[in-house]
Structures are given as structure tokens and as C-alpha cells.
Amino acid sequence: MASSKRVLLGITGSIAAYRSLDIARLLRQEGHDIQMVATRSALRFFPRLNGEVFTGHPVYSDLFDAMGGGVRHIELADKSQIILIAPASADFIAKLALGLADDLLSTICLAATCPIVIAPAMEEKMYFHPAIQEHLKTLRARRVQEIPPEKGPLASGKEGVGRLPSPERILEAIQPSLNVSDAWSGIRVLVSAGPTYEPIDPVRFLGNRSSGKMGYALAREALSRGAAVTLVTGPTNIPPPVGARVFQIETAREMEENMHREFPSHDLCIMAAAVGDYRISSPTISKRKKDGKDWEILLCENPDILSGLSQKKKKGQFLVGFAAETEMEIPLLIGKATHKGVDILLANDVSRSGIGFSSDNNDLTLVTPSGEVLALGHDSKQVLAGRALDEIWNRWKPTAPNQVPKHE
Ligand code: CTP
């Protein structure tokens with residue numbers, strides 16, 4: 001069981017609002033303190049009094065009634081360690097994406113700095129409407145985590161995607177945020193993950209076998225230590241880590257643009273992405289037709305993102321690179337750490353079966369430009385992510401826990 005957290009449970013105008021009581025009950029059973037805030041339309045579906053009995057707190061709704069002599073929305077925002085909006089209606093999702101603040105719940109969300117998780121519930125056509133999908137994309141980039149709706153019978157009587165998941169599923173999805181410690185609180189971590197895809201034409205691309213699992217494991221581990229995490233990721237099948245700001249990219253040059261934009265505002269940067277070293281010189285705009293002949297495709301070299309970042313590195317920033325090798329030669333790895341300008345290089349042997357690219361396991365060796373070599377062992381990527389962050393911490397700021405070194 002996670003340590004007790006103050007959870008603000010936002011309820012919005014969806015017919016599933018009555019199910020928020022079951023979510024509150026489960027969270028209370030787990031030992032969390034629940035403060036409910038309902039929108040006006042949520043109160044049409046939600047029994048307010050039951051909510052107050054279940055949680056032991058008033059269910060707030062109106063921005064002005066809730067003032068109570070103080071600035072209640074700021075107080076509620078500051079007190080909350082996680083905000084869960086379940087169900088999140090189409091209207092509320094739009095409001096959140098646009099930054100509107102015309103009721104208590106939307107105002108709290110604007111003032112809050114804790115993780116925000118939303119569980120949309122609506123008719124399938126509304127959920128897949130481009131307006132809602134665009135809003136969800138905007139929210140993901142702002143570190144709002146979505147618990148996607150499930151398929152099942154909807155309020156209209158039709159079957160489709162749009163049902164609020166079970167309280168157990170919701171609890172499971174927010175567990176990483178509930179488990180967060182504050183050991184790395186105030187530290188901003190930038191992680192790149194996954195492969196890059198270089199287009200040949202609109203249909204075909206040149207890619208690589210990276211699954212993104214190692215980078216995502218590092219992002220989750222940093223989040224669980226209380227860091228603010230930004231993830232720049234190539235195409236993967238992994239759900240975005242709860243609480244991370246996520247930027248999805250395809251090509252190496254898109255990754256470069258995102259990493260350079262984000263790097264100055266982060267303290268630690270881990271470049272775990274498998275960046276394609278080459279791109280197609282002249283991708284065609286329309287699909288290239290078969291012509292009965294062999295194709296010659298000219299490739300040109302992509303920028304080395306990691307080396308570029310190392311040149312921009314300011315005092316106090318810490319840079320970690322990965323090395324995907326088919327032969328682990330230590331002198332070559334030390335050379336790579338040096339010429340890439342990293343503080344630490346984490347090397348893995350991608351030729352061995354059972355570890356590396358799409359596997360859940362890995363075998364990492366830490367190398368520094370000064371010649372230090374440390375085997376982090378063979379384990380699951382999640383466990384290795386923890387070991388890697390411990391070793392990064394030891395070398396980055398051994399004497400100043402919880403102090404982010406200031407960089408100019
Ligand atoms: N990397 C990068 N930009 C590239 C290629 C790699 O930022 N264009 C980063 C990777 O994210 C990784 C590190 O550089 O952190 C080392 O990647 P690796 O593929 O091992 O090395 P390469 O530079 O591609 O060199 P080579 O494949 O020739 O060994």
C-alpha cells in the first residue's frame with residue numbers, strides 16, 4: 001500500500017459521475033485522504049451528501065461558496081498531492097486544454113502544480129471527435145495523464161469506447177503518482193526514448209528495433225522519486241508515464257529540435273533514444289511506385305543530438321548517454337563517452353538474446369570519460385533504471401541531497 005496521499009477527486013458532468021463514489025471508497029480503503037470537488041453539472045448525477053459522508057469533507061462546487069473567508073481554490077490546489085478527474089466530460093477536457101477557469105474545479109487545475117490525471121467518459125463519437133483528440137494531445141504535452149476509457153455499454157445504450165474504467169483499474173493507473181517520494185523533488189529530468197523513423201515516402205520509413213522500454217523505465221523511476229520529468233519519445237507501444245510531459249516525435253531532426261528546446265530548463269538529461277544515424281536525402285512527397293528495378297536510396301547523416309547537447313551544457317547540468325553496442329570494448333566505450341561529452345555513458349550489448357532492444361531485461365555497464373567502469377548487472381529494465389539513477393545521483397551531487405545545483 002502506498003503512503004497516505006491527499007487526493008483531490010474532481011467530478012464532472014458525465015452520467016458516470018455516480019461511480020466517483022466507488023473510486024473515493026477504494027482510495028479511502030487504501031488510506032488516502034479524499035477531497036471531492038464537483039462541477040455544477042456533475043451534481044445532477046452525483047449524490048453530494050453521500051460524497052460528504054464517504055470522505056468526511058464537504059463536497060465543494062461553487063468558486064464563491066467555497067471561499068470561506070480565504071482563497072479556497074489556491075488552498076485546495078496547494079494541499080492536493082494528486083488531482084484525479086473521474087469522470088472527465090468532453091466539456092471539462094476542452095476547458096482544461098484551453099486553460100479556462102470559470103468554476104472551482106477548472107480554477108484549481110490551473111493553480112495546481114501536482115500531477116493531474118483524467119479519466120474521460122463520454123459517448124464514443126464524442127471521444128474520437130478530432131476536437132477532443134486534439135485537446136487530449138495538448139494535455140499530454142502538459143503532463144496531464146489520461147486513463148483511456150474502456151469499451152462497453154454506454155449511456156445511449158450503444159456499445160462502444162467511452163466507459164469509465166473500474167475503480168480498481170483507475171487505482172492501478174494512478175498508483176505511480178501515489179507512490180511518489182520527494183527524494184528528487186525540484187529536479188527536472190529530460191529523457192529521450194524509443195526509435196526514430198526517417199521517411200522514404202509517405203508510406204515507408206527507415207527505422208530501428210528500439211522499443212523505448214529502457215527510456216520509459218528511466219522516466220517512470222525519476223517520476224517515482226518526485227522529479228519533474230519531460231519525455232521526448234519516438235513511436236512506441238508504451239503508455240505515457242503518469243505525470244510526465246510527453247512530446248511525441250518521429251524523425252531524428254524532430255527529436256533534435258525538441259531536445260534542444262527543452263535541455264536548457266532541465267537539470268539532468270538522459271539520452272536513451274536510439275536515434276537513426278542516417279536519413280533519406282530526398283524523401284518523396286507521394287508514394288514511390290514499383291518500377292521493376294532495384295532502388296538506390298541516398299542517405300545523409302543525421303545530427304548527433306547528444307554531442308550537440310554536450311556543447312550547450314551549463315555548469316550544474318548532468319548529461320547521460322547510452323551506447324548500443326554489438327561488441328563491448330571498454331576502451332572504445334570510454335572513447336565514446338569522451339567524444340560525446342557525457343558525464344556517464346550506459347552501455348548495453350544489443351547482440352545478446354534476452355536483453356537489449358525489445359526485451360524487458362537489459363545488462364548495463366556504466367562508463368565515464370575518466371575511465372571508471374561499473375557493471376550494473378543483468379536485470380529487468382525497471383530495476384536497472386533504479387540502479388542507474390542511484391549511480392547518477394552518486395556522481396552528480398554526492399553531498400547535497402535535495403539540492404538542485406543551479407545552472408546559469
Ligand atoms: N545519439 C544521438 N544522435 C545520433 C546518434 C546517437 O544523440 N544521431 C545518442 C544516442 O541517443 C545515445 C548515444 O548517442 O545516447 C550513443 O548512441 P550509439 O548509437 O551507441 O552511437 P552512435 O553515435 O550512433 O555511434 P555508432 O553507432 O557509430 O557507434
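Computed from heavy atoms alone, side chains included, the values below leave out hydrogens, waters and symmetry copies. All ligand and atom numbering here is 1-based and tracks the order in the structure.
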| request: Answer whether the closest heavy-atom distance between the side chains of Glu325 and Leu333 falls below 4.5 Å. | output: yes
| query | Which residue and non-hydrogen atom of the protein lie closest to atom 5 (C) of ligand 1, and at what distance in Å? | reply | Asp277 OD1, 3.2 Å
| request: Start with the C-alpha distance between Val117 and Ile85, add both sets of side-chain angles, then the distance that settles side chain to side chain contact (heavy atoms under 4.5 Å, CB included), and finish with yes or no. | output: CA-CA 6 Å; Val117 183; Ile85 300 171; over 6 Å; no
| task | Using heavy-atom distances, let me know which of Glu256, Met255, Lys336, Glu325 sits nearest atom 20 (O) of ligand 1. | result | Lys336
| Is the closest protein non-hydrogen atom to atom 28 (O) of ligand 1 under 4.0 Å? | no
| request: Around atom 3 (N) of ligand 1, find the nearest protein heavy atom and jot down its residue, atom name and distance. | output: Ile305 N, 3.0 Å
| field | Min N/O separation Leu306 to ligand 1 under 3.5 Å | value | yes
| task | Just jot down the ligand 1 atoms closer than 4.0 angstrom to any heavy atom of Gly321, in number order. | result | 15 (O)
| field | Identity and distance of the protein heavy atom lying nearest atom 10 (C) of ligand 1 | value | Ala273 O, 3.5 Å
| query | When you look at CZ of Arg44, are more than 12 heavy atoms from neighbouring residues, nucleotides or ligands closer to it than 6.0 Å? | reply | no
| task | Would you please classify the geometry between the Trp396 ring and the Trp184 ring as parallel, tilted or perpendicular, with 30° and 60° separating the classes? | result | perpendicular
| field | Under 3.5 Å side-chain donor-acceptor pair for Thr233 and Tyr216 | value | yes
| query | Only one of Met271, Met259, Arg261, Glu254 clears side-chain contact (heavy atoms from CB on, under 4.5 Å) with Val232; which? | reply | Met259
| message | Distance under 4.0 Å to a non-hydrogen atom of Asp304: what atoms of ligand 1 satisfy this? | response | 2 (C), 3 (N), 4 (C), 7 (O), 8 (N), 23 (O)
| task | May I ask you to check whether Glu123 and Ser156 show a side-chain donor-acceptor distance below 3.5 Å? | result | yes
| query | Tell me, which protein residue and heavy-atom name are nearest atom 13 (C) of ligand 1, and how many Å apart are they? | reply | Phe322 O, 2.9 Å
| message | If only side-chain N and O atoms count, and only distance matters, is there a donor-acceptor pair under 3.5 Å linking Thr230 with His266? | response | yes
| task | Using a cut-off of 6.0 Å, state whether more than 12 heavy atoms not belonging to Asn237 lie near its atom CG. | result | no
| task | Taking only heavy atoms of Pro303 into account, list the atoms of ligand 1 that are under 4.0 Å away from them. | result | 3 (N), 4 (C), 8 (N)
| Below 4.0 Å from any atom of ligand 1, is there a heavy atom belonging to Ala324? | yes
| field | Polar proximity ligand 1 side, Met271 side, N/O cut 3.5 Å exclusive | value | yes
| Which residue and heavy atom of the protein sit nearest atom 14 (O) of ligand 1, plus the separation | Lys340 NZ, 3.0 Å
